[in-house]
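Structure first, commentary second.
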Amino acid sequence: MADKKRVRTLLRVSSRQQLHDDDIPIQRAETADFIAGHPDWELDKEYVEKAVSAYKNSVEDREMLLQIMEDARNHEFDVLLAYMSDRIGRREEYTFYISTLNSLGVDVWTVKDGRLKSEEHVDKLLNYIRFWQNEGESRKTSMRVKDAQLEMVRAGKFVGGKAPYGYRKSTENRYKLVIDEYAAGVVRSIFERRASGMSTSKITALLNQKKVLPPMAYWYQQNGKERRRGPSTWSTTVVMSVLRNEVYLGKLVMNYLGSRSYKDSTMVRKPDSEHICFDGAHEAIISQTMWDAVQEVNTRASRRFSKRSAPAHYLFSGKLMCADCKGPLVASKERQYRKDGSSKDYVSYHCGRNN
């Protein structure tokens, strides 16, 4: 018998909630049965992606896909097998990824969809439609999840993943927030100092001087987990995110003002237009009077800061204007934190909200 084809499998789930004891046993069993049905195939290696979205991340942002491509260029295997095409990708761009693997002599198969070919023009079209459908399913799923979350928030239930800094999830009811006294004390001190007129940069320096853990690092410590991402020190951006989060008023918030999320493995700010706020069922950490005083300080600081122009060496210095106040935008350096713990600096233009 001729040499068997070297088969490598790709196992992937989008979130850690989909893992079974930190593993992906169902996909492994399905691919093993499929390989067993091909006498000329032999399992060579597994590629495993745990909690990696094929919709939010492009090919370049998925280290495992890059490794697969490198191994294909080195002619280390003959067949790539996945459970379904959506395990490979949920964007149209994955069509080109399949074509590249085929051009390198690698056949791409899935248990449910069969072989993904690209020899003929119609094959490429079918692959494009397949991944286009996968993206559409992700979009519809995202809308359904958001609508369901919105209804739960309206009912006074907390539906986020990690509890906001200053709170923790109730052990009796995972949809209810209870106060974490230590972190809540830090939140109160931040609001009190800001209300007295202290700048966010000075508040940040004071927190770091006292070696107070920032929200993400504190969450990992409290849950006994090794920190995987997020800064290890406070920044003015993090301080301002605390000062603008209405959850401390006893409200439930979706996409609080200034909140950030990961897009293509990079932390980005969510648009304020997505901000949603309802009365919650948890205890407030600060009073409405304190909130109003802090927002007034923030507004005054923004007006003062917007009168400054960007440094001359920045590309758009003196050319960009704020859509709200019509004043010149101010340039400043910020830092993006990636899921792998790395970071990169970039220049942003804003109206001084972080000062």
Side-chain angles (χ1 to χ4, degrees), residues 153 158-167 177 179-180 183-208 212-219 230-231 233-263 267-280 282-306 322-325 327 329-330 332 334-337 348-355:
V153 170
F158 175 75
V159 296
K162 298 179 177 65
Y165 184 72
Y167 292 98
L177 298 175
I179 289 180
D180 179 316
V186 175
V187 170
R188 293 189 190 98
S189 69
I190 291 175
F191 272 87
E192 289 168 0
R193 289 188 171 95
R194 186 57 167 167
S196 68
M198 182 179 290
S199 68
T200 54
S201 58
K202 289 184 178 179
I203 294 174
T204 302
L206 187 60
L207 291 169
N208 289 329
V212 177
L213 289 176
M216 188 68 79
Y218 181 75
W219 183 89
T233 58
W234 288 82
S235 67
T236 55
T237 300
V238 176
V239 169
M240 186 56 71
S241 71
V242 170
L243 293 171
R244 301 182 73 198
N245 193 347
E246 292 158 292
V247 72
Y248 302 123
L249 286 170
K251 298 180 180 293
L252 287 173
V253 183
M254 292 182 67
N255 301 330
Y256 66 85
L257 295 174
S259 64
R260 285 161 164 76
S261 64
Y262 283 96
K263 183 177 182 180
M267 188 179 287
V268 296
R269 176 174 169 166
K270 294 182 178 180
D272 290 352
S273 60
E274 296 183 6
H275 169 75
I276 300 173
C277 183
F278 295 101
D279 289 336
H282 58 278
E283 183 181 353
I285 292 178
I286 63 164
S287 66
Q288 185 68 53
T289 302
M290 175 64 72
W291 172 269
D292 293 338
V294 166
Q295 304 318 308
E296 177 60 28
V297 172
N298 291 340
T299 300
R300 291 199 304 268
S302 177
R303 289 171 180 167
R304 290 195 306 269
F305 203 65
S306 65
C322 175
D324 295 324
C325 70
L329 292 185
V330 178
S332 65
E334 292 195 31
R335 180 163 294 174
Q336 292 179 330
Y337 290 91
S348 69
Y349 294 82
H350 53 86
C351 205
R353 285 177 173 174
N354 290 337
N355 282 275

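Keep in mind that the numbers below use all heavy atoms, side chains included, and drop hydrogens, waters and symmetry copies.
Here the side chains of V247 and L177 are in contact, with some heavy-atom distance below 4.5 Å. The side-chain heavy atoms of H282 and L252, taken from C-beta on, include a pair separated by under 4.5 Å.
Atoms CD1 and CD1, on I203 and I190 in that order, are 7.0 Å from each other to the nearest 0.5 Å. Rounded to the nearest 0.5 Å, atoms CZ (R188) and CE (M290) are 10.5 Å apart.
Between the side chains of S287 and T289, no donor N or O sits under 3.5 Å from an acceptor N or O. Checking Y165 against N245 by side-chain atom types alone, no donor-acceptor pair falls below 3.5 Å.
Between the side chain of Q295 and the main chain of L243, a donor-acceptor pair closer than 3.5 Å is present. Under a 3.5 Å cut-off, the side chain of R194 and the backbone N or O of M198 do form a donor-acceptor pair. In this structure, W234 contributes its side chain and V239 its backbone to no donor-acceptor pair below 3.5 Å. Looking only at distances, a side-chain donor or acceptor of Y167 sits under 3.5 Å from a matching main-chain atom of E283.
Residues A184 and I179 approach most closely at CB-CG2, 3.6 Å, considering heavy atoms. The shortest heavy-atom contact between T236 and S201 is CG2-CA, 3.6 Å. Among all heavy-atom pairs drawn from A293 and A195, the shortest one is CB-CB, 4.4 Å. What you find for G166 and V187 is that their closest heavy atoms are CA-CG2, 4.4 Å.
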Full working for side chain to side chain contact (heavy atoms under 4.5 Å, CB included) between Y218 and D180
CA-CA 11 Å; Y218 181 75; D180 179 316; 3.0 Å; yes
